[in-house]
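Comments concern the structure below.
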Amino acid sequence: MNLQEYNAAVDQHADGLYRFALKHLRDEDQAKDVVQDSFTRLWVRLEGVDGSKVKSYLFTTAHHLIVDEVRKRSRSTVMEEKHEQLRWSEQEQPDLQAVLEAGLSTLPEVQRSVVLLRDLEGYSYDEIAEITGLNLAQVKVYIYRGRMALKEYIGSLDLVV
Amino acid sequence: MKLDRSTYEAWLLDRLEGRLSAAQERELDTFLAANPDLPTTDLDAALPTIDPAAPRHPDKAALQQIGDELIIALLEGDLAPDLQREVAQAIAKDPELSAMALRYAQVRIQGEGSFEQKNDLLRGPEEVPLPELQALLIAELEGDLSTSDRARLDELVRSHPEHEQERRAFAATVLHAPSIAYPDKDGLRREQGRVVALWPRLAVAASIAALLGLATWLLWPKTEHPVVPELAGFEQVKEETKGPATESMVEQPVEQDDAHEVPIPAQKDEAVRTPTLVPVQTEPRDKHLADNANTEEPSMEEPVLDQAEEAIEKQPLLAEVEEKPVPIDQGTAVVEIPDEEEELLARVDPSPDRVLPEREIPELSNALVQHLRRTVLNEQDSRPLDADDAVAFVDRGIQAVSGGMGGVKVERQGKRITRLHLRLGHDLGFSASRGR
């Protein structure tokens, strides 16, 4: 990659990368850090990254950073999420997408990643497998389980019917 | 069957029906010849014959006389079709037979009640296992349905309308990308840059920092722990007091010198106050020394050595001083002696070499410090080096190496460093801050 391709990658993928991190971490500052770190690593390894695979490189880097962050966060109880879930349950008619995002936070991190990559970025199974380091069958299974869990989550709130 | 007098008739019937073999025929003839008393009637004449032309009942009117059996047989469905039809016609023509048939029909017991859960036992179209349905619905959502799977799912949903709700539930699990944009995209862009290897610059920066740190440590005035030379000098003076009687000790108070680097606290603890003793002549040689000698008004007859020993006892131990570097007391400061007084002391002191080296070292270091300040920092300042000077040296060094694009910056809150920013070039910098 060169300088122009790098800046083009910023224009094309920074927003998506930020959405991916934000939906995953639900923390704006941490999401910004993930985006900055991802592009910094891309800049450092600029000459070694193929321009056609820059999006995959960025999302792979972001995925690893997010997983590290989630694991650090899991060592401490995240009471904010508990409170947020409680708030959803107290509302009579919450927004479906908001509830869906709350349900997303209940998924294991790998399931969350594959569902987000699938829905937000429209990645194929192969691309998701490359980003997450899973094989094709695992990606399909995790998406299946994620869909099932999300359906159960929003189904319990009688939002669909 | 054995042929004898009781069974020979059966043998005769079998002969008439042609069932006997030739041997049995001969055996029967032999038996009849041996028993002539047995009647040998003509069996053919005794048996009745059936006229095949008249198979029907010879008297149809007789049927009406046994109507009950025929009517019951009719109701039970036991009659042959032709006879059933004839009997039914006869019943229809005769009112008595009709009434009789009605009575027989009414006495038939009718079944009552029904199995209420019969509908549960009914089987409709093919039942669908739930996992298969869910797998098909998710595959539909992900666009993975084959043509056959698509047909199968459509058929399942068509035959089971309740599955449409399941279909909508899965469709609702799809996340929609929000219109969120990264707020600081400009900060990610690079105007002009090149990929640089990290380790050479780090190595250069570390080398510069190490050299400057070493130089700073070597040139740093030893005033932060002045007790050590002070004690050594004191012991030296103490030994000298045992020498010629022409010398005595005069307690000389340490004067507050604003130009001195070592800060002297305003409040002084008398317990740790240590007088600085310098060897002087018994009689003051000039007015300056006389003034100093009169300031504290020491008694010439008092044993000054005792005061010194007492001061040593009151002075904190070396280990304690090293553990507590902060309190630098007035009494532990190095005394600045005017040059003319120094010359005077050199003249009167029989062995000036024992005292002068203690002051030559800081003077040499001060000279080097001033030289460094003047040449590196472009400053004219005689105070000793401090931490800010060390940072300034490192900053200048990195600037020189990086062509003016690098440097180091330290932010403090009081004496506490809160942030350190090291910049090694246009696009390379490191920041470290103290955690919350």
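Naming convention: chains lettered A, B, ... in sequence-line order (proteins, then strands); numbering from 1 in each chain.
Side-chain contact between His63(A) and Phe59(A) is absent, with no heavy-atom pair separated by less than 4.5 Å.
Highest contact tally toward chain B, considering only Leu150(A), Leu100(A), Asn2(A), is held by Leu100(A) [criterion: heavy-atom pairs under 4.5 Å]. Looking only at heavy-atom pairs under 4.5 Å with chain A, the residue among Leu137(B), Asp184(B), Asp144(B) that has the most is Asp144(B).
Taking every heavy atom of both residues into account, Gly397(B) and Ile208(B) meet most closely at O-CD1, 3.9 Å.
Salt bridge status for Glu166(B) with Lys151(A): present, with a side-chain N to carboxylate O gap under 4.0 Å. Taking the charged nitrogens against the carboxylate oxygens, Arg158(B) and Glu155(B) do have a contact shorter than 4.0 Å, which makes a salt bridge. Between Glu109(A) and Arg112(A), none of the side-chain N atoms (NZ, or NE/NH1/NH2) sits under 4.0 Å from a carboxylate O, so this pair counts as no salt bridge. Using a 4.0 Å cut-off between charged side-chain N and carboxylate O, Arg167(B) and Glu140(B) make a salt bridge.
Shown here are the side-chain contact (heavy atoms from CB on, under 4.5 Å) partners of Glu130(A), two or more places apart in sequence or in another chain: Ser56(A).
If you measure heavy-atom distances from Leu175(B) to chain A, the contacts under 4.5 Å come from both the backbone and the side chain. If you measure heavy-atom distances from Arg19(A) to chain B, the contacts under 4.5 Å come from the side chain alone. For chain B, the nearby parts of Lys32(A) are the backbone and the side chain; heavy atoms of each come within less than 4.5 Å. Residue contact with chain B, scored on non-hydrogen atoms closer than 4.5 Å, involves the side chain of Leu22(A) exclusively. For chain A, the nearby part of Leu141(B) is the side chain; its heavy atoms alone come within less than 4.5 Å. Neither the backbone nor the side chain of Phe20(A) comes within contact range of chain B; no heavy atom of the residue lies under 4.5 Å from a heavy atom of that chain. Using a 4.5 Å cut-off between heavy atoms, Asp11(A) contacts chain B through both its backbone and its side chain.
Distance alone, capped at 3.5 Å, places no donor-acceptor pair between the Gln111(A) side chain and the Pro108(A) backbone. Side chain of Glu164(B) to backbone of Pro161(B): no donor-acceptor contact under 3.5 angstrom is found.
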Go through it in stages, so that I can follow the logic: the residues are Ser52(A) and Asp50(A), the test is side-chain hydrogen bond (donor to acceptor under 3.5 Å, both in side chains), and I'd like the CA-CA distance, side-chain angles, deciding distance and then a yes or no.
CA-CA 5 Å; Ser52(A) 62; Asp50(A) 185 359; 3.0 Å; yes
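The interface of residues 115-123 of chain A with chain B, defined by heavy-atom distances below 4.5 Å, comprises Val115(A), Leu116(A), Arg118(A), Asp119(A), Leu120(A).
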